[in-house]
Structure formats: C-alpha cells, structure tokens
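Read the numbers this way: they start at 1 and go in the same order the structure lists the ligands and their atoms. Just so you know, these numbers come straight off a predicted model, no measurement behind them. Any value given below was found using the heavy atoms of this structure, including those in side chains, with hydrogens, waters and symmetry copies removed.
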Amino acid sequence: MNKIIIAIDGYSSSGKSTMARDLAKRIGYVYVDSGAMYRAVTLYAIEHGMASAEKGVDTEALVKALPKINISFTPAGADGVQHTLLNGKDVEREIRDMQVSSLVSPVAVIPEVRHRLTALQQQYGREKGIVMDGRDIGTTVFPDAEMKVFVNASAEERARRRVKELTDKGEKVTYEEVLENIRERDHIDTTRKESPLRKAPDAVLLDNDNMTIAQQMQWLLDLYHSKCQE
Ligand code: DC
C-alpha cells in the first residue's frame with residue numbers, strides 16, 4: 001500500500017496528540033508532535049532569559065538565537081512515545097509544564113520561528129508514511145496531505161482532560177487556571193497573522209466531546225483505509 005501523509009490539526013488539549021500517536025503506532029507510521037517543537041523553542045527562550053511571565057517574549061533575542069536551537073526526537077519506545085530533545089537534552093517533561101504552556105502561543109506567533117519549524121517538519125514528511133499533529137499541518141506544512149483531520153471539543157471538556165493529565169503527573173493546577181490558559185491559547189492560535197489555526201477546506205471534522213478513545217481510533221482507521229483506496 002502506498003504511504004500517505006496524515007495531518008491532524010485542532011485546538012489545544014483536544015486529544016489530537018494521543019490520537020495521532022496511537023494511529024501512527026497502529027499503522028506503522030512515524031509520528032511527529034509539532035507542538036512539542038514550539039514548546040522546545042519556548043523552553044529554550046525561558047532558560048536563556050528571553051521569555052518570562054512578567055516580561056513576555058523578547059522576540060529579537062529569540063530570532064537571533066534560532067540557529068543555536070536544535071530540536072530532534074528520540075525513536076519511539078514500546079509505548080509509542082518519543083521524547084523531545086533540545087540541543088541533545090531530553091526535555092519531554094519540562095516542555096509540558098504550565099510555564100511553557102503559558103508562553104508557547106506568543107512564541108508560536110513569531111514568523112521566523114514558524115518558518116524554521118515548518119521547514120524542519122516538511123523534511124520529516126519527505127518520505128511520507130507520517131502522522132503529524134499541530135495547528136497548521138493541513139493548511140501550511142502539508143497542504144497536499146492525503147488525509148486531513150480537524151479535531152475539536154468544547155473548552156470545558158478539554159480543560160477537564162488537561163487537569164487530569166497534569167495532576168496525574170503530580171502538578172498542582174486548578175481547573176480555572178487551566179481553562180483560562182486553554183481559552184487564551186485558542187484566541188492567540190486562531191487570530192495570529194501567520195498560519196492561524198483553521199480547518200483546511202478538505203479536512204474532515206472530528207468532534208470528540210462524547211467519543212471514547214476506542215471510538216476515535218476506529219473512526220480514524222476507517223478514514224485512513226478509505227483514503228488509501230482513493
Ligand atoms: O499541541 P500543543 O498544545 O502542544 O502546542 C503548543 C503550542 O504550539 C500551541 O499553543 C500552538 C503552537 N503550535 C503551533 O502554532 N503550530 C503547530 N503546528 C503546533 C503547535
């Protein structure tokens with residue numbers, strides 16, 4: 001069977017990363033979490049004094065530092081999880097914390113950051129056989145992807161899922177702060193000038209508010225098999 005490119009876009013915490021990773025594992029494709037790449041750049045900015053809650057993001061300094069930022073992934077472990085490497089260091093845990101989450105959207109609006117990461121993402125797709133999730137994968141990174149999915153769920157449902165994920169990891173967060181962060185990111189992601197979060201006209205909508213993980217997987221597999229026959 002010919003390999004294809006699968007683009008999964010959607011709102012923050014809509015479950016798209018888990019879904020994309022599980023699908024890739026199931027069909028033997030490579031999975032790339034493009035959000036992790038924006039998070040790694042944000043972590044670099046925080047660690048080098050270029051981003052903070054008080055001062056925001058120092059765009060000029062970050063753009064200058066971009067050539068020094070290398071992002072890669074470890075191969076997937078048995079659970080299908082790849083770890084993100086920032087200049088060779090495993091930062092998988094740090095990039096998921098609230099500090100990074102609250103500064104990543106302002107970093108992701110910077111055109112130079114987007115151009116650099118988009119080019120890297122396109123390299124990953126050269127051989128096809130890839131599932132990539134993000135915000136602009138079906139619109140900007142792979143506009144010709146054979147299969148495009150746009151995932152949505154209500155902000156409240158997404159906040160509930162995210163609180164569970166963070167508290168399971170031992171982080172202390174409240175539902176209110178997580179909901180606020182999700183709403184703020186939705187706003188920044190959908191209104192930025194460069195590659196805003198949009199459903200590509202040829203993407204298929206998946207509203208997963210009331211779907212189990214197993215139901216979503218079946219839905220994706222059905223779509224994948226139909227796309228492979230086209
Ligand atoms: O998927 P995520 O929540 O880990 O993504 C983190 C942030 O990165 C998100 O707020 C927007 C940004 N992002 C983006 O702008 N474009 C992508 N392709 C992926 C993520």
More than 12 heavy atoms from other groups under 6.0 Å of CD on Gln122: yes
List every atom of ligand 1 that sits less than 4.0 Å from any heavy atom of Ser105, numbering the atoms from 1 in the order shown and giving each element. 10 (O)
May I ask which of Glu194, Arg162, Arg185 has a heavy atom nearer to atom 3 (O) of ligand 1 than the others do? Arg185
Provide the number and element of each atom of ligand 1 under 4.0 Å from a heavy atom of Lys16. 1 (O)
From the options Arg135, Glu184, Arg114, select the one whose nearest heavy atom is closest to atom 5 (O) of ligand 1. Arg135
Is Glu157 paired with Arg161 through a side-chain N to carboxylate O contact shorter than 4.0 Å? yes
Is the shortest distance from a heavy atom of Gln121 to ligand 1 less than 4.0 Å? no
Basic-acidic side-chain contact under 4.0 Å: Arg96, Glu92: yes
Looking only at protein heavy atoms, which one is nearest to atom 19 (C) of ligand 1, and what is the separation? Ser34 OG, 3.3 Å
Which residue and heavy atom of the protein sit nearest atom 7 (C) of ligand 1, plus the separation: Val104 CG2, 3.5 Å
Side-chain donor-acceptor contact under 3.5 Å, Ser101 with Arg39: yes
Taking atom types as modelled, is there a side-chain donor on Asp133 or Tyr31 under 3.5 Å from an acceptor on the other? yes
So, the side chain of Asn87 versus the backbone of Asn70: is there a donor-acceptor pair under 3.5 Å, distance only? yes
Which ligand 1 atoms, with their elements, are less than 4.0 angstrom from a heavy-atom of Ala108? 12 (C), 15 (O)
Contacting atoms of ligand 1, where contact means under 4.0 angstrom from a heavy atom of Asp189: 9 (C), 10 (O), 11 (C)
Atom indices of ligand 1 within 4.0 angstrom of Arg39 heavy atoms, with elements: 2 (P), 3 (O), 4 (O), 6 (C)
Here the atoms of ligand 1 under 4.0 Å from any heavy atom belonging to Asp136 are 16 (N), 17 (C), 18 (N)
Report yes or no: does Arg192 have a heavy atom closer than 4.0 Å to ligand 1? yes
Please answer: with hydrophobic residues joined when any side-chain heavy atoms are less than 4.5 Å apart, are Ile182 and Val151 in the same cluster? no
Which atom names give the shortest non-hydrogen contact between Gln121 and Phe142, and what distance separates them? O-CZ, 3.4 Å
Does a side chain donor of either Arg135 or Ser12 reach within less than 3.5 Å of an acceptor in the other side chain? yes
Protein heavy-atom partner closest to atom 20 (C) of ligand 1 - residue, atom, separation in Å: Gly35 CA, 3.5 Å
